[in-house]
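Only one structure is covered here, and it is reproduced in the block below.
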Amino acid sequence: YGTKLMGGFQFAAGENGYSYLSPGHNSAINDVKTGRSFLVFHTRFPGMGERHQVRVHELVMNKNGWPLAAPYRYAGEGKSAVPAKSIPGGYQVVNHGSAITAIPSSSQAITLAPDGSVTGALTGKWKAGSNRITLQLSDGVYEGVLLNQWQAESKSWTVTFTADRKSTRLDCHLHG
């Protein structure tokens with residue numbers, strides 16, 4: 001398997017219903033001037049039939065050189081550092097898996113504790129530095145990238161991360 005960049009997902013109730021169905025028909029763009037890359041695709045939404053919209057998500061590379069799509073659509077944000085003190089907290093995580101399915105993946109709650117432990121739906125340890133995050137979970141080691149992203153539903157900036165483990169991708173955003 002290669003890396004599945006994104007599948008259908010549904011964040012839990014209380015997360016403002018952020019979800020995509022059948023994201024696809026995509027193109028990748030690399031902006032040589034800024035050194036940034038983007039994934040451009042269309043997606044549908046729950047309860048809206050075949051209506052779709054175009055979305056743009058930044059593509060980032062983890063420390064192993066695998067591309068990862070940022071959890072939220074691009075909102076013109078800069079490449080700012082995620083302060084270490086902003087990382088611990090409660091997150092909603094979506095595991096995109098590797099299956100091709102019409103059923104969206106549901107989010108699950110996890111906590112990244114200040115002591116480096118991961119608790120909740122996933123358990124293990126985490127460590128971060130220089131906008132990189134490593135999660136050692138029961139099913140293996142995930143290498144990812146931390147981002148400050150605009151959450152359109154709450155109209156606020158939030159800490160997110162996206163991580164990969166041998167073709168299994170996690171998207172997470174801080175909630176609270």
Side-chain angles (χ1 to χ4, degrees), residues 1-12 15 18-20 23 26 28 30 34-39 41 55-75 77-99 104-151 156-176:
Y1 291 96
T3 297
K4 180 178 178 180
L5 291 179
M6 187 181 298
F9 63 86
Q10 172 72 52
F11 277 106
E15 294 303 316
Y18 179 60
S19 59
Y20 288 170
N26 59 68
N30 184 38
T34 64
R36 295 173 93 168
S37 297
F38 301 91
L39 182 65
F41 59 95
R55 292 286 192 249
V56 177
H57 286 239
E58 185 167 11
L59 283 173
V60 293
M61 298 292 187
N62 72 8
K63 82 174 197 176
N64 296 330
W66 285 99
L68 303 168
Y72 286 117
R73 62 185 177 174
Y74 181 67
E77 58 267 23
K79 284 189 167 188
S80 61
V82 175
K85 67 180 183 186
S86 300
I87 301 167
Y91 288 79
Q92 288 293 316
V93 59
V94 170
N95 183 338
H96 290 274
S98 59
S105 298
S106 296
S107 68
Q108 299 175 300
I110 66 168
T111 298
L112 301 185
D115 69 359
S117 63
V118 179
T119 58
L122 306 171
T123 59
K125 298 180 185 282
W126 70 276
K127 63 181 177 179
S130 300
N131 281 23
R132 302 256 182 221
I133 188 165
T134 300
L135 298 108
Q136 187 171 357
L137 304 174
S138 59
D139 64 344
V141 177
Y142 290 79
E143 297 294 346
V145 177
L146 290 151
L147 302 141
N148 288 306
Q149 289 198 277
W150 181 254
Q151 186 181 35
S156 63
W157 291 98
T158 189
V159 174
T160 67
F161 66 87
T162 180
D164 175 78
R165 175 201 60 86
K166 294 184 182 175
S167 79
T168 299
R169 199 165 130 295
L170 301 175
D171 276 338
C172 303
H173 73 90
L174 185 66
H175 65 91

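Values below: every heavy atom of this structure, side chains too, minus hydrogens, waters and symmetry copies.
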Query raised in the report: Is the shortest heavy-atom distance from the side chain of T134 to the side chain of V141 under 4.5 Å?
Result: yes
Heavy atoms of A128 and L146 approach each other most closely as CB-CD1, 3.8 Å
Residues L5 and P67: closest non-hydrogen pair is CD2-O, 3.3 Å
**Asked** Does the side chain of D164 reach to within under 4.5 Å of the side chain of E143, using non-hydrogen atoms?
**Response** no
Worksheet item: Could you go step by step and tell me if V93 and L122 meet the side-chain contact (heavy atoms from CB on, under 4.5 Å) rule?
Response: CA-CA 9 Å; V93 59; L122 306 171; 4.0 Å; yes
Rounded to the nearest 0.5 Å, the OG1 atom of T158 sits from the OH atom of Y91 at a distance of 7.5 Å
Next item on the list: Determine whether more than 12 heavy atoms belonging to other residues, nucleotides or ligands lie under 6.0 Å from atom CD of Q136.
Entry: no
Heavy-atom closest pair (V94 atom, S105 atom, distance to 0.1 Å) is CG1-CB, 3.9 Å
Do T111 and S117 have side chains that get closer than 4.5 Å, going by heavy atoms?
no
Between P23 and G8 the two heavy atoms that sit nearest each other are CD-N, 3.8 Å
### Query
What's the verdict on side-chain contact (heavy atoms from CB on, under 4.5 Å) for L59 and L39, showing C-alpha distance, side-chain angles and the deciding distance?
CA-CA 6 Å; L59 283 173; L39 182 65; 4.0 Å; yes
Paired with F161, the side chain to side chain contact (heavy atoms under 4.5 Å, CB included) test is passed by just one of L112, L68, I87, namely L112
One should read off an interatomic distance between D115 CG and W126 CH2, to the nearest 0.5 angstrom, of 9.0 Å
CG (L137) and CD1 (I110) are apart, to the nearest 0.5 Å, by 7.5 Å
V56 side chain near R73 side chain, heavy-atom distance below 4.5 Å: no
What I'd like to find out is whether the side chain of S86 reaches to under 4.5 Å of the side chain of W157, using heavy atoms alone. no
Do M6 and F41 have side chains that approach each other closer than 4.5 Å (heavy atoms only, starting at C-beta)? yes
Taking every heavy atom of A109 against every heavy atom of Q92, the minimum-distance pair comes out as CB-NE2, 3.7 Å
Mind checking whether V82 and N131 have side chains closer than 4.5 Å, heavy atoms only? yes
Going by heavy atoms in the side chains, are L147 and Y72 under 4.5 Å from each other?
no
- Item | Donor-acceptor contact below 3.5 Å, side chain N95 vs main chain G97 | yes
T160 and Q149 have their tightest heavy-atom pair at OG1-OE1, 2.9 Å
* H57 and Y20 aromatic ring geometry - parallel, tilted or perpendicular at 30°/60° bounds -> perpendicular
Review point. Does a salt bridge link E58 with R36, judged by any charged N lying under 4.0 Å from a carboxylate O?
Key: yes
